[in-house]
Amino acid sequence: MTERRAGGGMSEQRRARLRLEISREAARLFWEQGVAATSGDQIAEAVGLSTRTIWRHFRSKESCAEPIVLQGTGTLIGVLRGWPPERSLEEHLGAELARIRSEGAPVGPSDELLGRKMIRLADTEPALRTAWLMACDQLERQWAAVVAGRLERPAEDLEVRRHAAAAAAVVRVLDEHTGAALLTGADTEAFEDTAAVSRRYAQAIREATGGAIGDPVA
């Protein structure tokens, strides 16, 4: 299959791969030496590109973190899109997490760790916080589509939007908590049990939405 071309003759797939490569090196530098101490020139040198090329793909040095941060959210969005009506949220998350781990996660362990590091840095770096909140906004929009389908209401319905915002907030808070715990040396066993992780997220979402989201629907 021929790759589609984006502006400037570069295929969309190649552009996405290059952005992710730049993002990896930028995230590594941000974590090792801080955002303020990292320059666009340093990012370019780490990737083996010109600084001018970096600015063709990113609007600022901080925005270089966005592809790494958005990767994990993209995986969850894919899981939500496949949530069948006859399954509870616990069942679906458990089955999909187990499948993803057995088949090989679309986001590799090193990228997942970098993403967690950037989310952690976002606590003190407003520009990185923007990237994380952009990812959360995408997730909330997907939750709205899921909630609308399960409640058989339009996505712009106030109750749908309220439940979507609550579910997305739960994921954001739990992801931030998990990342902080893992980066400070917490036991990873509790976070590797797919059934336990699925229950933790699903139960929190049920509570946040007053039980409106989580059960199978006819």
Side-chain angles (χ1 to χ4, degrees), residues 68-120 122-123 129 132-153 155 157 159-218:
I68 280 291
V69 173
L70 289 168
Q71 273 200 116
T73 305
T75 300
L76 181 54
I77 286 174
V79 168
L80 288 175
R81 284 176 179 157
W83 183 14
E86 68 275 8
R87 263 185 181 174
S88 71
L89 185 55
E90 290 89 343
E91 291 171 332
H92 181 62
L93 287 179
E96 287 302 296
L97 285 177
R99 179 188 63 78
I100 287 170
R101 289 190 177 181
S102 67
E103 294 178 356
V107 180
S110 59
D111 281 357
E112 184 178 359
L113 180 59
L114 279 174
R116 292 193 185 283
K117 286 178 175 179
M118 292 304 96
I119 292 169
R120 181 65 167 163
D123 284 342
R129 188 72 177 172
W132 174 224
L133 293 180
M134 282 175 58
C136 294
D137 180 69
Q138 288 189 17
L139 182 59
E140 183 177 332
R141 291 172 186 272
Q142 182 56 42
W143 269 116
V146 170
V147 173
R150 296 185 87 82
L151 297 185
E152 297 184 334
R153 296 188 181 187
D157 179 85
E159 185 175 0
V160 168
R161 293 183 62 192
R162 181 166 58 85
H163 290 324
V170 163
V171 174
R172 176 180 59 79
V173 171
L174 288 179
D175 277 0
E176 290 174 353
H177 172 76
T178 299
L182 291 175
L183 290 172
T184 52
D187 184 3
T188 61
E189 185 175 348
F191 302 105
E192 293 173 350
D193 184 334
T194 56
V197 170
S198 300
R199 286 194 300 271
R200 185 181 308 122
Y201 276 74
Q203 289 171 6
I205 288 167
R206 284 177 184 275
E207 292 175 6
T209 61
I213 300 303
D215 288 336
V217 295

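- Using cut-offs of 30° and 60° on the angle between ring planes, the pair W83 and H92 is parallel.
- When all heavy atoms of S88 and P216 are compared, the closest pair comes out as N-CG, 3.7 Å.
- When all heavy atoms are compared, the tightest approach of A167 to I205 is CB-CG2, 4.1 Å.
- With sequence neighbours left out, A135 forms a side-chain contact (heavy atoms from CB on, under 4.5 Å) with V69, L70, T73, W132.
- In this structure, the side-chain contact (heavy atoms from CB on, under 4.5 Å) partners of A195, at least two apart in sequence or on a different chain, are D193, R199.
- One distance of note links CG of L139 with CG of L80; it measures 6.5 Å at 0.5 Å rounding.
- Annotation: the span from T178 atom OG1 to Y201 atom OH amounts to 4.0 Å, rounded to 0.5 Å.
- Between A168 and C136 the shortest heavy-atom distance is CB-O, 4.4 Å.
- Looking at E176 and R129, a side-chain N of the basic residue comes within less than 4.0 Å of a carboxylate O on the acidic one, giving a salt bridge.
- For the atom pair CG (L89) and CG (L93), the distance works out to 4.0 Å, reported to the nearest 0.5 Å.
- The side-chain hydrogen bond (donor to acceptor under 3.5 Å, both in side chains) test applied to D111 returns R24, Q71, not counting sequence neighbours.
- By the side-chain contact (heavy atoms from CB on, under 4.5 Å) test, P85 pairs with V217, sequence neighbours left out.
- Note that OG1 of T209 is 9.0 Å distant from CZ of R162, once rounded to the nearest 0.5 Å.
- Minimum interatomic distance between L151 and A212 (heavy atoms only, all atoms of both residues): CD2-O, 4.2 Å.
- Summarising the local packing, CZ of R120 is surrounded by 12 or fewer heavy atoms from other residues, nucleotides or ligands at distances under 6.0 Å.
- One distance of note links CD1 of I68 with CD of E112; it measures 11.0 Å at 0.5 Å rounding.
- Among residue pairs with one or both ends in residues 81-92, those qualifying as salt bridge (charged side-chain N to carboxylate O under 4.0 Å, His left out) are E90-R206; sequence neighbours excluded.
- Counting all heavy atoms, side chain and backbone alike, Q142 lies closest to I77 at CG-CG2, 3.7 Å.
- Pairs of residues two or more places apart, or lying in two chains, that qualify as salt bridge (charged side-chain N to carboxylate O under 4.0 Å, His left out) and include a residue from residues 139-153 are D137-R141, R153-D157, R153-E159.
- I119 CD1 to R172 CZ: the interatomic distance, rounded to the nearest 0.5 Å, is 11.0 Å.
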